Amino acid sequence: MSGARRKVAVVTGASSGIGAATARALADAGYRVVVGARRVDRLEALAREIGGIALPLDVTDAVSVTEFCNAVPERLHLLVNNAGGAQGLEPVAQAKDEDWAWMYQANVLGLMRVTRALLPRLEAGRGHIVNVTSIAGREVYPGGAGYTAAKHAAVAVTRTLRLELSGTPVRVTDIAPGLVETEFSVVRFKGDSERAAKVYQGLTPLTAEDIADCVVWAVTRPAHVNIDEIVVKPVAQASATVVARGAGL
Ligand code: 8X3
């Protein structure tokens, strides 16, 4: 398809994991993809690979979001708010202000800022907003309060947006993954890859590509179909805390 006629997608947090896999899958599905993240070297390699556009983006920084959104092409059809993450697994009694502040910035304020800036273009393009939240937006677990509270907020923002966009053609989808093996836990445990690996031991976790599949499926339904939410977990995971490790699953 010629560049001019291809639909345009923005994917945030696209330098690795779910974001990068989603950018690849959308490019395969025919989208021209604008990828945003802090790690520009990785982003540029990805953009070269998929014939997309790499733009620096730190969703926790309002100025960076403005610069990013100003550089996004005027024609826009899809926004995938994927940037986010967890920091720490301390109980509330030992909660660290800086971890909580970062989680709210990355998972909630960042999502709001990018969405707010790109909404007029999405409305003009009869677009679609996909927010990658988490089962942590539906459940809680010990040590997870900062992250689960932020993801619950992201889910609330997503649901609110669907109400506010009623009567417009813009679709709003929430993709809520469980255990996906990416850099998520390495970031949560601040570089402790041994501790991070244990999170995925004794089961077959989801891959970033499994989530990208969900995104592509949701956005390729006919224009009158809104997939409100997809909750997706490994077969071995029944809930955030009930995980059948060592069951051969
Ligand atoms: C990640 C899922 O259960 O580790 O979003 O919080 S969980």
Side-chain angles (χ1 to χ4, degrees), residues 1-15 18-19 22-23 25-27 29-38 40 43 47 50-84 104-133 137 150-151 153-175 215-216 218-229:
M1 217 182 288
S2 83
R5 294 184 48 203
R6 274 193 292 166
K7 284 189 169 184
V8 178
V10 164
V11 181
T12 70
S15 58
I18 293 171
T22 298
L26 289 170
Y31 282 84
R32 181 163 170 73
V33 187
V34 182
V35 287
R38 285 169 299 174
V40 177
L43 212 54
I50 64 174
I53 303 168
L55 295 172
L57 172 65
D58 178 353
V59 299
T60 69
D61 174 352
V63 174
S64 168
V65 172
T66 301
E67 286 172 1
F68 173 85
C69 292
N70 286 344
V72 166
E74 205 50 47
R75 279 176 71 253
L76 181 61
H77 306 93
L78 171 62
L79 166 62
V80 182
N81 281 308
N82 166 72
Y104 275 77
Q105 281 288 342
N107 295 290
V108 188
L109 286 150
L111 180 155
M112 175 277 286
R113 288 187 189 109
V114 177
T115 305
R116 181 179 59 191
L118 296 179
L119 248 184
R121 280 178 250 182
L122 287 162
E123 288 196 56
R126 310 178 75 79
H128 197 150
I129 299 165
V130 175
N131 291 341
V132 179
T133 66
K151 284 299 193 188
V155 171
V157 173
T158 309
R159 293 175 58 206
T160 304
L161 205 48
R162 196 176 299 116
L163 300 181
E164 291 172 353
L165 291 171
S166 172
T168 78
V170 179
R171 297 187 280 174
V172 180
T173 298
D174 174 357
I175 311 271
V215 175
V216 171
V219 303
T220 52
R221 296 311 87 207
H224 69 286
V225 177
N226 193 90
I227 304 299
D228 278 15
E229 47 190 46

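Just so it is clear, the structure is predicted and the values come from calculations on it, not from any experiment.
- Looking at every heavy atom in both residues, A37 comes nearest to A14 through CB-N, 3.8 Å.
- Counting all heavy atoms, side chain and backbone alike, V108 lies closest to A150 at CG2-O, 3.3 Å.
- Annotation: side chain to side chain donor-acceptor pair (under 3.5 Å) contacts of T12 (sequence neighbours excluded): none.
- Residues passing the side chain to side chain donor-acceptor pair (under 3.5 Å) test with S64: none are found, sequence neighbours excluded.
- Summarising the geometry of A25 relative to V216, their closest heavy-atom pair is CB-CG2, 3.6 Å, with the distance given to 0.1 Å.
- Contact of the L165 side chain with the I129 side chain is registered, since non-hydrogen atoms from C-beta on lie closer than 4.5 Å.
- Judged as a salt bridge (charged side-chain N to carboxylate O under 4.0 Å, His left out), and not counting sequence neighbours, R113 has no contacts.
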Steps toward side chain to side chain contact (heavy atoms under 4.5 Å, CB included) verdict (T173, V219):
CA-CA 9 Å; T173 298; V219 303; over 6 Å; no

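- The shortest distance between side-chain heavy atoms of F68 and V59 does not fall below 4.5 Å.
- To the nearest 0.5 Å, atoms CG (L161) and CE (M112) are separated by 11.5 Å.
- Scored by the side chain to side chain donor-acceptor pair (under 3.5 Å) test, N107 finds K151 as partners (sequence neighbours excluded).
- With sequence neighbours left out, the side-chain contact (heavy atoms from CB on, under 4.5 Å) criterion links A27 to V33, I50.
- Residues T60 and Q105 approach most closely at O-OE1, 3.4 Å, considering heavy atoms.
- Atom CZ of R121 sits about 6.5 Å away from atom SG of C69, to the nearest 0.5 Å.
- For residues 219-228, the salt bridge (Lys or Arg N to Asp or Glu O under 4.0 Å) pairs, not counting sequence neighbours, are R162-D228.
- Evaluation of the side-chain contact (heavy atoms from CB on, under 4.5 Å) rule for T66 yields N70 as partners, not counting sequence neighbours.
- Looking only at distances, no side-chain donor or acceptor of R171 sits under 3.5 Å from a matching main-chain atom of I227.
- With V10 as reference, L76 is the one residue of L76, L55, N81, L122 to meet the side chain to side chain contact (heavy atoms under 4.5 Å, CB included) rule.
- A9 meets the side-chain contact (heavy atoms from CB on, under 4.5 Å) test with L26, Y31, L78; sequence neighbours excluded.
- Between the side chains of N131 and T158, at least one donor N or O lies within less than 3.5 Å of an accepting N or O.
- Atom CG of L111 is separated from atom OG1 of T133 by 9.5 Å, given to the nearest 0.5 angstrom.
- With sequence neighbours left out, D61 forms a salt bridge (charged side-chain N to carboxylate O under 4.0 Å, His left out) with no residue at all.
- Side chain to side chain, T22 and N82 fail the donor-acceptor criterion of an N or O pair below 3.5 Å.
- No side-chain donor-acceptor contact under 3.5 Å links R75 to the backbone of A124.
- Of all non-hydrogen atoms in P73 and V8, the two that sit nearest each other are CG-CG1, 4.4 Å.
- Residues satisfying the side-chain contact (heavy atoms from CB on, under 4.5 Å) criterion with R126, sequence neighbours excluded, are P169.
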